[in-house]
Structure formats: structure tokens, C-alpha cells
Number of protein chains: 4
Amino acid sequence: MLSKGEGQVAMTPSGGLRADARRNRARILAAAGEVFAERGASAATEEVARRAGVAIGTVFRHFPTKDDLLRALMKDLLERLTEQVGRLAADGDPATALFDFFASLVEQAAARKSVVELLATAGTDVQVTAAVQSLRDGIARLLTRAQQAGAVRADVQAGEVMALLTSTGQGALQGGWDIELQARALAVIFAGLRAPAAAVRPASPRA
Amino acid sequence: MLSKGEGQVAMTPSGGLRADARRNRARILAAAGEVFAERGASAATEEVARRAGVAIGTVFRHFPTKDDLLRALMKDLLERLTEQVGRLAADGDPATALFDFFASLVEQAAARKSVVELLATAGTDVQVTAAVQSLRDGIARLLTRAQQAGAVRADVQAGEVMALLTSTGQGALQGGWDIELQARALAVIFAGLRAPAAAVRPASPRA
Amino acid sequence: MLSKGEGQVAMTPSGGLRADARRNRARILAAAGEVFAERGASAATEEVARRAGVAIGTVFRHFPTKDDLLRALMKDLLERLTEQVGRLAADGDPATALFDFFASLVEQAAARKSVVELLATAGTDVQVTAAVQSLRDGIARLLTRAQQAGAVRADVQAGEVMALLTSTGQGALQGGWDIELQARALAVIFAGLRAPAAAVRPASPRA
Amino acid sequence: MLSKGEGQVAMTPSGGLRADARRNRARILAAAGEVFAERGASAATEEVARRAGVAIGTVFRHFPTKDDLLRALMKDLLERLTEQVGRLAADGDPATALFDFFASLVEQAAARKSVVELLATAGTDVQVTAAVQSLRDGIARLLTRAQQAGAVRADVQAGEVMALLTSTGQGALQGGWDIELQARALAVIFAGLRAPAAAVRPASPRA
DNA sequence: GATGAATGAGAGTTCATTCAT
DNA sequence: AATGAATGAACTCTCATTCAT
């Protein structure tokens, strides 16, 4: 899944397209979102076409490869998340914005099946990498503000926040966490972000 | 992957089998471990056969379904982990055993590709469910002891420990965490387990 | 390729067309010539459109079927060849004109990929059949004159000249004959045309 | 068609295969011969499977790629031709063997559709190249003997004999030559091989 | 019991052709 | 008339599973 960087996106995602083409592109992305959410990334492209109400050829005209479709979906998702992060950085309470975002992502993941399955495969494609970077930047900003507000301890870095974010999302998704489990797991992580640096040994290679 | 509960394992895993049959079963499991670790659960069963040095028919005689093979692999893994937990509960330092185990799992996950991909899909099959339960029990024991030693705060439950365990493992795996990132992410979680209960709102449904 | 006779050419090739339409028709034919020459008759029609600088719909408006396009191309080619034959019949040296034409065709074939691939599929379409007939007539004239000049022996007929012409062209094309091989192969055929009728058995059905 | 050299033939064509596998392989090759003969190389592989009375998967197990099937077919054909040449070189009349073989090939080509379509695409694959070389060697031997018998003039080389052979075969095939046309065309070529070297200009680049 | 060839449903992808804009 | 998006049949290839040897 999500191999190489070939296949280039052949068209401006929302640029000079005919009205119907743009409509179809959106429909396909929406359908793909649903389908891959329900059935995982291995769902058939034909199902996406059916759900979008177009013929299979149309899907392939817009996304020459299944990979391209997956990539576009991921880019879309990342952009939406980045936007959300941006809003929180502007309006949100510095002390809670990071936690709110974290919680919201886990919640989404528990509902949709591929959100994080996709997030986890970043680094494949230029456009996607850029989108991931944007998200990471936004999160870094949330983090800094939370640290300035004293809500997160100073030595936490954006890297581990991202890492915990994606893995918790992934876990919520595949484990089918109920809302209470979500809350409890997040409580641990939030406490960990907030607590004064505990002197914990890193992974001890034996055990 | 790992669907339904059909296909029940058809033979006593180690019961009345001819010597060569038992040897083949072990070989296949080992090969499957490697192959699925390298290529993920979508790897071809034929590759497993090749790696095990048997014909494809032999694989299917032992595991009537690919799902059965995957389940058996999972059961195997869970048993090994449970054993490890048992040893830690007996010999380990109450204050650190839980952390050690957590760290060790994340580490394994970063190396092998399906360990947690499998763990995350628990709940499918009677035998597997039982194995999961054993592991959960072991972890609960580690947890209790850590709490008694004052290393983990009192209101943490085994559920979220398991949840964080699998999701962090999964994340380490798919995200390709380097050793430093592993350490930093674990530090957050460990701090969270140890810290006095922070007053954190659970997932706020909007955001 | 070049099936049936359906799809009849729907428009007067150069009749009452708007200026831009006529220009497009010419462009498309030129592009088709290049594309099919490079990639063979199985090249995609869309590539022809791209090369011609028009949209795919325009190609199909001018040539309702890919076959029609191929046929039109063939007719064009045959007309050009017929013209060439006509010039040779008027101005050329009776003793060498036939050989010159033969050589020139083989040469062209070695360079362009579909010239003879097309020639060889004659007989499909009224208009094309007519064009083939014209060419055959021209060649017959060259032949007669060569025979009168004593350069070709008397019992050779136009049929086998055409046949050798197309097959040698085809061969030169697909075999990638270099210029020396072309010369040697032609030398054999030319000698055969010129030689006094050898008493050769026709194809003996066994071997 | 017939691209690259990948796809390697994965199994000894007639070596250590199970009886049924060997039988199927032969059946598939035979069916492929017929199908491609009738419909050309662009015929569907599924039709080959149907004609051979096996499932499509079986075809792909024996020939992992359509190209592999085509290549195998070609190798087969070349081997049969080489054998025929060998027999003629041993038993045949030196003065007529070359002509007989030439005639026999043209005749076969007129009947089967892909014989020469394939021959013409030689040079693609190691195994095939070797087979072509064998055929060329056999023909060279026929040629030498014919020259020694005084039936072919001395300066003719094997290269142009092969070239004329394939192109005439191709032509007979695609042109649908009737038996009389075959005889007449061959008569020209045979006379050309036999005649004292005529002083013919090679292809004159204008005309 | 082991072997490995056969099966056949399905997946991704291409492309001639149609038709709304 | 031109455009170019949509269509959908067809094609090659994969792989879990069955079954004759």
C-alpha cells in the first residue's frame, strides 16, 4: 500500500476542471473515504466507484492508480486536520487546545477505519509529506502554547506528540475502544504530558 | 484479515500427530512468523510454504484457512508474551516490571511487522480470546504490583494499559520509530501512569 | 485491426468543411501517421489526439472509428505511392523505374512502422480497395515498360510484383534490416525479375 | 508484444513435471498455436485457456506472462523448423532442398496466422535468440549445399535468405496469397537466387 | 500425510467510444 | 465544431483453496 512516488497526480486537484469533473472528483473522494473507512485500504476500487455513482473508468481517470486515490485521500485528511489545528491555535485555550485536538483525533479514528491507517504510512509522497509537515507544524504550535501556559512540561517535543497521536488513533480504531476506554487511555497520556519529567529508563533491551 | 470465527482450528495443536507432521507444523508457524513480519498480513501463503520448505498443500492441511494460520500465529505470540509477563510477575522488580514489559513490547514491534498488527485484532476467536485474556491477566498482575510499589497511581486500570500497549506497539511498527523516539514516547506514557491523577476532561466530542 | 466494412467514411474528405475542420483533419492524419509509425497500429487513439493538438472527441468526429482512421491513413499512403508511381511512369527510365520504386518502398518501410502493416491489409474497404487498384495499375504500367525495355522477363505479372513488394516492405520493417541487408535482399528479387524464366517447381506441399 | 526479457521461463519445458502438468503444458501450447494463428497475437489469453480445456490460472502457472506464452510458442515453432531443416540437410536433394524449405514455410504461413508474425520479432529473448540462431545455421547449411550443387549463385549469403524467407512468409500470411500467387512469387525469388549476380543498384534514396 | 498442479473469482488497469457542456 | 469527462467491456495477472497423484 502506498508505494513509490510514481503516478504523479495528473491534474490540479480543484483547479481548471469542468464543473461535473470537479463534482465527480469530490464524490469519489467522499465515497473512497467511506469505503476505506469501513473496509480498510484493501477494499475494492470498484466499490468506491459504485458508492460514488460513477463508472470505474471515471475513478481511474481522476486517480490513475489505486495508490493515487489513497494518497489523495490522505492528503485531504491531513489538510482537514491541519485546518482544525490552525483554528485551535488561533482561538483555543492554550492550556487545553493540544489535549482537545488529541482527543478529537482519537475519537474520529474510533469511528472511521482508515484515518490513521493512512496517517501511519506518511513519508511516501512529496505532496503528502508536505501535508504531514504542515500538520506537524500546527501541532508544534499547539504544543508550544500549551507549554507556555504551563499545561505541558517543557521537555516534551513535537515528535513524540505526533507519534503518540497516530498510534493512539490507530489503536482506538483497530481495538474498537469504547468512549470510556478512550477517556482512560487519553487520561494517562495527558497526565504524562503534564507531569514533571519523571526519571524513567528508556526501553531496557532485555526484560 | 482475521474474519469471523469459522474455520476453527481442526487439529489438536500438538496432540496425536506423526513426528514429521508436528515438525512441519512448527516449521510453518516459524516461517509464517517471519514472512508476515516482513511483508504484513497480506503476504502470500505460498511464500510461507516456500520459506518453510514444504508444499502449499501442507500448509493448508495444517491450517485449513489463511485466517487459521494467522490466528494460530497470534495465539503463539500471545502465549510467549504471557509467559514473559509471568516471569516478570515472579522475579521482576514490582516498581519497574510493568514498564519493562511495555518497553520490551514496543521494541519488538518496531522490529517485527505483524506482532501488533495481530495483537490489535484480538477478540475474533475463542482460543485467541482466551490467550488474550491470559495476557491481560498477567498484565493486570504486573499493574497491581506496580501500584502496590507506588510506581503507578491507584486508579489506572488494566484496560487502558493494554490499550496503550497495543497502540504504541502498532505505532512503533508502522511509524518506524527510532530508538530515541521510542524512549521519548514511552517516557510520556510512563509519566502518565505514575503521575497523580490529573483532572483531565475526557474526549470533548466537538473540537 | 481494420475489420469489416462498417463505419464507412462519413464525410467528404475535403468537401464542404469549415476551414478549421479541414485543418484539423489534416493535422490528425499527420499525427496518426507519426504515432502509428512509431508504435504500430495498436497505439492509443488518445495519443494521436494529443500529438495533433486536438481533443479526443475531435478525432472521433472526423473518423467515427479507429478503423476509419486507419483506413483513411492507408488511403492517403496509397495515393502518395500511386502519385510516385505515376511520376516514374512518365519521366523514369523504363529499365529501372520499377526497381527504383521497389527499392524506395522497402526503404520507407524500414523507417516507418505501419506503412506496410497497412498495405498488407488491403481489400477491406471500397475506397481503399480502389486506391489499391490504382497503385496496382501504376505498378503494372511500370512493369510493362520494364518488360518492353527488356529489364524484366516477359512472364512476370503485376500480382507477384505487388506481393513481393508488400512482403519485402513488411519484412524490412519488422526485421529492422540495415541498408546492406536491404540491398542484398533486393538484389535477389531484382535478379529474379530479370532472369530468364527459371524452371522452378512451385511450392511442393510436403517438404 | 514480446517485450523485455523478464519473466524468465520458470520451469524446464519438459523436464521434471508431473504427468498431468506436462500434458497441460502441451495442450496450452497447442491451443495457443491455434488461437494466435486464427486471431493474431492480440487474442485473449482466456480464449487459449478455454480452447485448451483448462482454467485461466493454469495458463498463467505455466507461462507467468502472456509474453512468456508467446515466446514459448515461438521457440517451439523455431525448433520444429530447425528440425525440418536438419532433415532436409541430411536427406534432401542439395539442389532443391533450400527451395523446398522456402516454399514449405511460405505455405505454412499462408495457413497459420502468427507463424511469421512471431518469426519477425526475434531477438528479444535469450532462449529464442538461440533458437533463431539454430534455424539460421540450418538454413546456411542448406544454402551452402545448394551453392555447391550449382543451384544457387555463389555470392548469396544466409542473411538475405532468412530475410526473404520471413518477409515472404509474413506477406503470404497477411496478403492471403492463393497457391498460384505463392508459386509465382516464389518463382521470382528462386530465379533471383539462381541467376548470375545481376548488377543492380541498391535502394536509391530518392525516386 | 505430503505434494504441487488446477481452479476460478476478483483485482487493477486500459481504451475505443459516447455525450453533456 | 470542439472539448474532454464518463462509460464499461475486456484484458492481464494474483492468490486462497481444492484435489488428483
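None of these values were measured; they are calculated from a predicted model. Letters A, B, ... mirror the listed sequences (proteins, then strands); counts begin at 1.
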Check: Do B:F60 and B:T45 pass the side-chain contact (heavy atoms from CB on, under 4.5 Å) test, and can you show the C-alpha distance, the side-chain angles, and the key distance before you say yes or no?
Finding: CA-CA 9 Å; B:F60 276 87; B:T45 312; 3.8 Å; yes
Check: Under the side-chain contact (heavy atoms from CB on, under 4.5 Å) criterion, do C:F63 and C:L29 qualify, and how do the steps go?
Finding: CA-CA 10 Å; C:F63 308 94; C:L29 271 177; 4.0 Å; yes
Next item on the list: Please check if the side chain of B:D68 supplies one atom and the backbone of B:T65 the other of a donor-acceptor pair under 3.5 Å.
Entry: yes
Next item on the list: Look at the side chain of A:K66 and the backbone N and O of A:A44, then say whether any donor-acceptor pair between them is shorter than 3.5 Å.
Entry: no
How many Å lie between [atom1] on [X] and [atom2] on [N], as a whole number?
| X | N | atom1 | atom2 | answer |
| --- | --- | --- | --- | --- |
| D:R23 | E:dA6 | CZ | C1' | 12 Å |
| C:I28 | F:dG4 | CD1 | C1' | 14 Å |
| B:R27 | E:dG1 | CZ | C1' | 14 Å |
| A:R22 | F:dG4 | CZ | P | 15 Å |
| A:H62 | E:dT13 | NE2 | C1' | 16 Å |
| B:E47 | F:dT14 | CD | P | 14 Å |
| D:R50 | F:dA10 | CZ | P | 11 Å |
| A:R61 | E:dT18 | CZ | P | 16 Å |

Next item on the list: Map every base of DNA chain E to its dot-bracket character, where paired means a Watson-Crick or G-U wobble contact with both distances under 3.5 Å and | marks a partner outside the strand.
Entry: .||||||||||||||||||||
Item checked: Least distance between heavy atoms, D:V48 atom then D:I28 atom -> CG1-O, 3.9 Å
Next item on the list: Looking only at non-hydrogen atoms, find the nearest pair between B:F36 and B:A43 and report the distance.
Entry: CE2-O, 3.8 Å
Item checked: Phosphate OP1/OP2 of E:dG1: any B:N24 side-chain N/O under 4.0 Å -> no
Notebook entry, point to check: For F:dT7, does OP1 or OP2 lie under 4.0 Å from any side-chain N or O of A:T58?
Noted result: yes
Under 3.5 Å, which protein N or O atoms sit close to an N or O of nucleotides 14-16 of chain E? Give each pair with its distance.
from, atom 1, to, atom 2, distance (Å)
E:dA16, OP1, C:K66, NZ, 3.2
E:dA16, OP2, C:T45, N, 2.9
E:dA16, OP2, C:T45, OG1, 3.3

Next item on the list: Just jot down the side-chain contact (heavy atoms from CB on, under 4.5 Å) partners of C:R23, sequence neighbours excluded, or say none.
Entry: C:D20
Item checked: Residue whose closest nucleotide on DNA chain E lies nearer the 5' end, B:V54 versus D:V54 -> B:V54
Checklist line | Flag side-chain contact, heavy atom, 4.5 Å: A:K75 against A:E79 | finding: yes
Check: Between A:D20 and C:D20, which is nearer to the 5' end of DNA chain F once each is assigned its nearest nucleotide?
Finding: C:D20
Item checked: Test salt bridge (charged side-chain N to carboxylate O under 4.0 Å, His left out) applied to A:E34 and A:R27, A:R51, A:R50, A:R39, the passing residue -> A:R51
